[in-house]
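Bear in mind that the values here come from a model prediction, so they are computed numbers and not experimental data. Letters A, B, ... mirror the listed sequences (proteins, then strands); counts begin at 1.
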There are 2 protein chains.
Amino acid sequence: MTKEGLQSDTTRDRVLSTSAGLFCQHGYAGVSMRKIAESCDMKAGSLYYHFSSKDQILTEVLNMGIEKVHAAVAAALRESSVDVSASDRFRHAIAGHLHALLEYSSFTSANVRIFRQVPPSVQHSTLEVRRRYEALWDGFLGDLKSQGQLRNDVDIRSFRLMLIGALNATLEWFDPELGDITELANRYADMLANGIFAERCT
Amino acid sequence: MTKEGLQSDTTRDRVLSTSAGLFCQHGYAGVSMRKIAESCDMKAGSLYYHFSSKDQILTEVLNMGIEKVHAAVAAALRESSVDVSASDRFRHAIAGHLHALLEYSSFTSANVRIFRQVPPSVQHSTLEVRRRYEALWDGFLGDLKSQGQLRNDVDIRSFRLMLIGALNATLEWFDPELGDITELANRYADMLANGIFAERCT
DNA sequence: ATACCTGCCTAACGTTTGTTAGAAATGATG
DNA sequence: CATCATTTCTAACAAACGTTAGGCAGGTAT
């Protein structure tokens with residue numbers, strides 16, 4: 001036997017990538033197996049050689065979205081663990097999220113946009129990956145707080161929800177072709193770390 | 001003639017409210033006229049007495065979502081225009097957004113979740129309402145800035161996008177039955193105005 | 001040459017889609 | 001009682017839906 005399933009793998013990936021784009025543009029029910037196939041220059045029936053159902057394609061697309069972002073943030077935190085200031089680590093983590101989010105936007109925005117409208121069984125099969133990502137941020141923010149880098153009265157869960165919500169919303173308006181993602185990350189990190197008011201108040 | 005179209009109006013509203021809930025839960029293509037009708041104890045054909053098409057229902061739902069939020073924020077700003085501190089006005093505006101967002105969540109989350117996946121013609125017919133709401137915030141934030149209440153180096157458009165993104169994301173996790181919206185608004189306003197770091201840094 | 005596996009195809013299934021036309025029911029007005 | 005407008009219903013249309021079964025072309029192994 002030669003290189004096992006090589007042709008198959010690239011086709012599989014093409015289907016997943018195409019499906020991600022279609023899902024995030026038209027929603028779960030708005031994309032048919034026939035449209036996926038057509039965008040891949042195939043016929044609908046052929047998809048069932050690589051996937052057992054529409055839901056399986058969807059599940060893989062959703063999971064890949066979070067995993068890309070998780071990997072990027074984990075890498076950013078790993079590379080700057082020592083001798084880097086808290087605000088720099090914060091900035092790097094945000095940059096990691098935004099880079100992965102906006103560069104694999106087919107997968108990530110499929111996740112952000114349609115998670116709530118997919119069948120509950122599919123939702124359930126992506127929950128673990130979601131929680132792992134939330135835990136990554138909670139761990140990092142918890143470290144910052146125990147080092148005294150954060151105000152004592154900020155709730156980590158609240159901030160994490162606000163942060164990820166704000167970052168994910170960039171999918172709706174930011175175009176990586178037109179703007180610099182690193183600069184965007186710096187702006188966001190600055191506003192979130194220091195606030196926007198000229199003077200701090202109660 | 002008696003009170004013109006009274007029965008008709010309440011039925012219309014019931015259809016719109018029901019449709020909003022279904023749209024935000026299952027997406028645009030995931031909701032059929034038959035399902036809308038069934039949820040209203042009607043038959044599909046009867047819907048066409050009140051609406052000319054599925055797209056018309058959708059358009060009205062989307063517009064109502066933004067208009068509710070716009071009205072709430074505009075009212076909050078109007079009621080606190082004088083003799084109120086900048087941070088209080090900021091907090092009230094955020095509270096207005098969150099209250100409307102989370103209390104009319106069928107309409108607002110239909111808007112937030114499925115705007116990008118509806119037919120372009122429908123998107124287009126809601127753009128004006130969207131822009132009016134963005135202009136409301138830009139005006140308020142511009143006032144704050146020209147009064148010297150905001151840091152000079154924060155970009156208003158960037159912050160407005162971050163702010164609305166962060167606020168809208170609460171739809172995905174906050175339950176008004178379990179938590180206090182006003183308290184949520186205070187927490188968010190504090191984090192956004194003052195930042196989360198213990199000491200401000202570059 | 002034979003057999004086999006991979007990858008894609010065609011054709012069909014039963015169901016559901018948005019929408020329309022025309023018939024019934026309802027209740028008020030003359 | 002007859003008339004009228006309002007509101008809902010039924011029945012049907014062509015099109016599209018997810019999925020399956022079986023066939024066909026290509027290269028690989030025996």
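A sub-4.0 Å separation between OP1 or OP2 of C/dT6 and a side-chain N or O of A/His50 is absent. The phosphate of C/dC8 has neither OP1 nor OP2 within less than 4.0 Å of any side-chain N or O from A/Tyr49. Not one side-chain nitrogen or oxygen of B/Ser46 sits closer than 4.0 Å to the OP1 or OP2 atom of D/dT10.
For the atom pair A/Leu141 CG and A/Leu150 CG, the distance stands at 6.5 Å (nearest 0.5 Å).
Atom CZ in A/Arg12 sits roughly 12 Å away from atom P in C/dC8 (whole-Å rounding). Counting to the nearest Å, the P atom of C/dT17 and the NE2 atom of B/His26 are 12 Å from each other. Between A/Leu47 atom CG and D/dT19 atom P the separation is 10 Å, expressed in whole Å.
Distance from the side chain of A/Lys43 is smallest for C/dC9 among the nucleotides D/dT8, D/dG18, C/dC9. Distances were taken from every side-chain heavy atom of B/Met42 (C-beta onward) to each of D/dT19, D/dC9, C/dG18; the shortest belongs to D/dC9.
Within residues 53-61 of chain A, the residues having any heavy atom under 4.0 Å from DNA chain D are, by residue number, A/Ser53, A/Lys54. Listed by residue number, B/Arg34 are the residues of residues 27-40 of chain B with a heavy-atom contact under 4.0 Å to DNA chain D.
Minimum interatomic distance between A/Gly165 and B/Ala169 (heavy atoms only, all atoms of both residues): CA-CB, 3.5 Å.
Contact check for A/Asp55 versus A/Val118: no side-chain heavy atoms found under the 4.5 Å cut-off. Contact annotation: the side chain of B/Ser105 approaches that of B/Thr108 to within less than 4.5 Å [non-hydrogen atoms, C-beta and beyond]. For the pair A/Ile156 and A/Leu144, the minimum side-chain heavy-atom distance is 4.5 Å or more.
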Can you list, pair by pair, the side-chain donor-acceptor contacts under 3.5 Å of residues 170-179 of chain A, counting residues two or more places apart and other chains?
from     : atom 1 : to       : atom 2 : distance (Å)
A/Thr170 : OG1    : A/Leu167 : O      : 2.6
A/Glu172 : OE1    : B/Arg116 : NE     : 3.1
A/Glu172 : OE2    : A/Arg113 : NE     : 3.0
A/Asp175 : OD1    : A/Glu177 : N      : 2.9

Anything under 3.5 Å between a donor and an acceptor, one on a side chain of residues 32-47 of chain B, the other on a protein residue two or more places apart or in another chain? List them.
from    : atom 1 : to      : atom 2 : distance (Å)
B/Ser32 : OG     : B/Lys35 : N      : 3.2
B/Ser39 : OG     : B/Lys35 : O      : 3.1
B/Ser46 : OG     : B/Lys43 : O      : 3.4

(message) For Watson-Crick and G-U wobble pairs within 3.5 Å on both distances, what is DNA chain C written in dot-bracket notation, | included for inter-strand pairing?
(response) |.||||||||||||||||||||||||||.|

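For the pair A/Asp190 and B/Arg151, the salt-bridge criterion is met [side-chain N within less than 4.0 Å of a carboxylate O]. A/Arg187 has a carboxylate O that lies under 4.0 Å from a charged side-chain N of A/Glu183, or vice versa, which qualifies the two as a salt bridge.
Residue pairs satisfying the ring pair (Phe, Tyr, Trp, His ring centres under 6.0 Å) criterion with at least one member in residues 75-102 of chain A, sequence neighbours excluded, are listed as follows: A/Phe90-B/Phe197, A/His97-A/Tyr133.
When atom types are taken as modelled, the side chain of B/Ser80 and the backbone of B/Ala76 share a donor-acceptor pair closer than 3.5 angstrom.
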